[in-house]
Structures are given as C-alpha cells and as structure tokens.
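Here is the structure we will look at, set down as structure tokens.
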Amino acid sequence: MQIADVVATRSTCLRQKVGALLVRDKRILSTGYNGAPRGLPHCLDIGCLRDEREIESGTRHEVCRAVHAEQNAIIQCALHGISTEGSTLYCTHQPCILCTKMLINAGVKRVVFRQHYPDEESLEYLRQAKIQVVRFKADWNGK
C-alpha cells in the first residue's frame, strides 16, 4: 500500500490524490494515478470542473477531467500488452462503479483499498463478480 501512496503523489486532482497498482505473482504490472488524459490540461492548471459545478463526491463521475487511477493502471497494461487476468489491485481508495466494471472485465480477482468511497453499488458489483475485497487497515505506525 505504501507504493500506492507514493504513486498517488503524482495525481493532478485537486479533490483527492489516488494511486493504484496492479500486481500478480508478487510483481508490479503497472501503476496509475488520477489525472487528465494525455496531452490535456490538468485540474492543477485550470481548476476543478466538479468544484466549479458543485458536484458531490461519489456522483456524476462523467463530469470530471481525470482518468481514474485504476483506469490508468489498466490502460498502462493494455498499452504494453500485459495481461491483467488474475491480478490484484492495490488502491488508496475504494473503486467507483465505473472502475469496478473495468476491473471486472479486466479479470482482476482481488481488490485491496484503504479509504472508503461513497459508492456502495461498486462494492455490490465486486461481490456479484466474486472478486475478493479487502479493506486495508493501518499498521502499528498508523500508516
């Protein structure tokens, strides 16, 4: 989870810094963080569309410049021809419903996250898809 935290520092989102990695057989397949699509302006530079429109967290996912961390991790695997079948996602935050659907179709078998996200439907989809879900708890240092 510490690696996901470091990856999250690359985020260009003004609301939440999210980091993710896909792992299989104790090897990192890819990493991802939330930020604008390649070549487009980042929220750090031009402001947050969701803040401007006063959109509540966990709703209207389509109104956002950012590609989510989980999506970027899957995309990196696709760009480099790496299978995600049977992998584990480690993410600083619970996946939203859009990312959950992508994770299901990408063949991810386990999702480990720390911070809750207000999207109960995503958890229900993960259960229905028989994907193991683990809420990461802080270690003795509180990290």
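Worth saying up front: this structure is predicted, and the values here are computed from it rather than measured.
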Is L103 reachable from V112 through a run of hydrophobic residues whose side-chain heavy atoms are each under 4.5 Å from the next?
no
From N34 atom CG to H68 atom NE2, the distance as rounded to the nearest 0.5 Å
7.0 Å
In terms of heavy-atom contacts, does CD1 of I3 have more than 12 from other residues, nucleotides or ligands at under 6.0 Å?
no
Taking a hydrophobic cluster as the set of Ile, Leu, Val, Met, Phe, Trp and Tyr residues connected by side-chain heavy atoms closer than 4.5 Å, whether directly or through intermediates, do I131 and L22 fall within one such cluster?
yes
For the atom pair NZ (K109) and CD1 (I104), what is the distance rounded to the nearest 0.5 Å?
9.5 Å
Is the number of heavy atoms from other residues, nucleotides or ligands under 6.0 Å of E56 CD greater than 12?
no
Got a sec, which residues hit salt bridge (Lys or Arg N to Asp or Glu O under 4.0 Å) with R10, two or more places apart in sequence or on another chain?
none
Check L123 against V133 and note the closest heavy-atom contact, atom names and distance.
CD2-CG1, 4.3 Å
Side chain to side chain donor-acceptor pair (under 3.5 Å), paired with Q94, selected from E120, H116, R135:
H116
Gap between atom OG1 of T100 and atom CZ of R127 - 0.5 Å precision:
10.5 Å
M102 CE to L89 CG distance, which is reported to the nearest 0.5 Å
11.5 Å
According to a 4.5 Å side-chain heavy-atom criterion applied to Ile, Leu, Val, Met, Phe, Trp and Tyr, with indirect links allowed, do L29 and V111 form part of one hydrophobic cluster?
yes
Carboxylate-amine/guanidinium contact R114 D5, below 4.0 Å
yes
Are R60 and E62 within salt-bridge range, i.e. N to O under 4.0 Å?
yes
Do I46 and L40 belong to the same hydrophobic cluster, where Ile, Leu, Val, Met, Phe, Trp and Tyr are linked whenever their side-chain heavy atoms lie under 4.5 Å apart, directly or via other members?
no
